[in-house]
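Notes to accompany the following structure.
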Amino acid sequence: MDCNAKQEQLSLLLDGETAALEQADLFAHLGACADCRDWFDTLARLRGAARRDREEIAGGADDLRPPLPSLSALPSRRPAAQRIRGAGWTWRLRVPLAAALAFALLAAGALLGARWPLLAEGAGAIAARGGRAPVVVICSLPDVTVFPQGVGQ
Amino acid sequence: MTSDCDLAVALRRGDERAFASLFERYRRPLYAFGLRMLGESHAARDLVQDVFLRVWERRDQLDRPESFRSWLFAIARNRCLSDFRRSRPSIALEDAPQDALAVAANDGGPERDQDLALLRRALARLKVDYREVLILREYQELTYAEIAVATDSTQSAVKSRLFKARRALHETLKPASSQRR
């Protein structure tokens, strides 16, 4: 008699995973085989012990609270309002930069218009003849502060 | 009572009350799982908190709200495995903490107490592969399909592993069992 195969089926029986016909066969085997009966009884008893153990130890979690205060610190799902507040420093930089750039462009345009009033007209004429229009590059120099001699030494 | 599935759907929308309800429902089973897997009370408490933090972080990845329980235990199991890899390859019996081996309060006679003590010792001795399926089945009452999801395996592999785990458990208990007869 192959008790190893029977015990594999008894494991399924313990979990209610066997068909009725197989069950009848297994119970007949249990009636005849002391080793398999011991195997099955021990595991059934330990199942009861596991359920009792579960109830006894679970109380160790009764004082735990959901980790909700930590949720605001999670990077993946911040509320929209918080995201905007969090990004404030970039906006604080971007707005003055954009204003400064616009001012520089306007100033450069005004300067060019006053000094070379025919520049735009000339560029149009060159383009009409199939040539390349002149490209004006605007750049800014860093501020340089010149201290009088002796200051800052 | 609201079903797990309904709560999981609300959780996916970012509902913190649903999250709190699921925590309330699963903190004890998760703690029991953690204590029997890791063998230490404080480690099991950390596990409950960590797992629920991950549940919140990964709620977008919960594709099947009806399988919330398997998904939760899959996270818990992975957390245990990474804990083992990091710090404790196995818990030997002599090293097993008192939490794991403590004998139950005397509520049903010495034989019941002895069963409980034997089970705790035997679980602490088993290899992790076997211990996890036994805990998921015997303590948490997960179905084969749920255990397959939780352990990233197939149902037939679960059946086979459960049988081997039970055989190993029985082998571990054999001396004590034959003394009692």
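In the text below, chain A, chain B and the rest are named by the order of the sequence lines, each starting its count at 1.
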> Just how far is it from atom CZ of B:R120 to atom CG of A:D53, taken to the nearest 0.5 Å?
Replying inline: 4.0 Å
> Among B:E141, B:E24, B:Q140, who wins on heavy-atom pairs under 4.5 Å with chain A?
Replying inline: B:E141
> Does the side chain of B:F23 reach to within under 4.5 Å of the side chain of A:P67, using non-hydrogen atoms?
Replying inline: yes
> Taking all non-hydrogen atoms of both residues, which atom of B:L116 and which atom of A:A49 are closest, and how far apart?
Replying inline: CD1-O, 3.0 Å
> Quick one: do A:L14 and A:L12 end up in the same hydrophobic cluster if we chain Ile, Leu, Val, Met, Phe, Trp and Tyr together by side-chain heavy atoms under 4.5 Å apart?
Replying inline: yes
>> Heavy-atom count check: over 12 atoms from other residues, nucleotides or ligands less than 6.0 Å from B:R64 CZ?
In response: no
>> I'd like to know if B:R27 pairs up with A:D63 as an ion pair, taking the criterion as any Lys NZ or Arg NE/NH1/NH2 lying under 4.0 Å from an Asp or Glu carboxylate oxygen.
In response: no
> Quick one: do B:V149 and B:L162 end up in the same hydrophobic cluster if we chain Ile, Leu, Val, Met, Phe, Trp and Tyr together by side-chain heavy atoms under 4.5 Å apart?
Replying inline: no
> Taking the side chain as C-beta and beyond, is there a heavy-atom pair between B:L173 and A:L46 under 4.5 Å?
Replying inline: yes
> Would B:Y26 end up clustered with B:L62 when hydrophobic side chains under 4.5 Å apart are linked, directly or stepwise?
Replying inline: yes
> Is the shortest side-chain N to carboxylate O distance from A:D15 to B:K159 below 4.0 Å?
Replying inline: no
> Side-chain heavy atoms under 4.5 angstrom apart, residues restricted to Ile, Leu, Val, Met, Phe, Trp, Tyr: same cluster for B:L7 and B:L30?
Replying inline: yes
> Could you give the distance from OG (A:S11) to NZ (B:K164), rounded to the nearest 0.5 Å?
Replying inline: 12.0 Å
> Counting only heavy atoms not in A:R51, do more than 12 sit closer than 6.0 Å to its CZ atom?
Replying inline: yes
>> According to a hydrophobic-cluster definition based on side-chain heavy atoms being under 4.5 Å apart (Ile, Leu, Val, Met, Phe, Trp, Tyr only), do B:F84 and B:I135 belong together?
In response: yes
>> Which heavy atom of A:P66 sits nearest to which heavy atom of B:F19, and what is that distance?
In response: CB-CE2, 4.2 Å
> Is there a side-chain contact between A:I57 and B:R36 (heavy atoms, below 4.5 Å)?
Replying inline: yes
> By a 4.5 Å heavy-atom criterion (distance strictly below it), what part of A:L43 contacts chain B: side chain, backbone, both, or neither?
Replying inline: side chain
>> Taking side chain as everything from C-beta outward and backbone as N, CA, C, O, which of these in B:F163 sits under 4.5 Å from a heavy atom of chain A? Side chain, backbone, both or neither.
In response: both
>> Assess whether a salt bridge exists between B:E138 and A:R54, defined as any Lys/Arg side-chain N lying under 4.0 Å from an Asp/Glu carboxylate O.
In response: no
>> Please rank A:E8, A:E55, A:E17 by heavy-atom pairs under 4.5 Å with chain B and give me the top one.
In response: A:E8
> Hey, are the side chains of A:W39 and B:R166 touching, using non-hydrogen atoms and a 4.5 Å cut-off?
Replying inline: yes
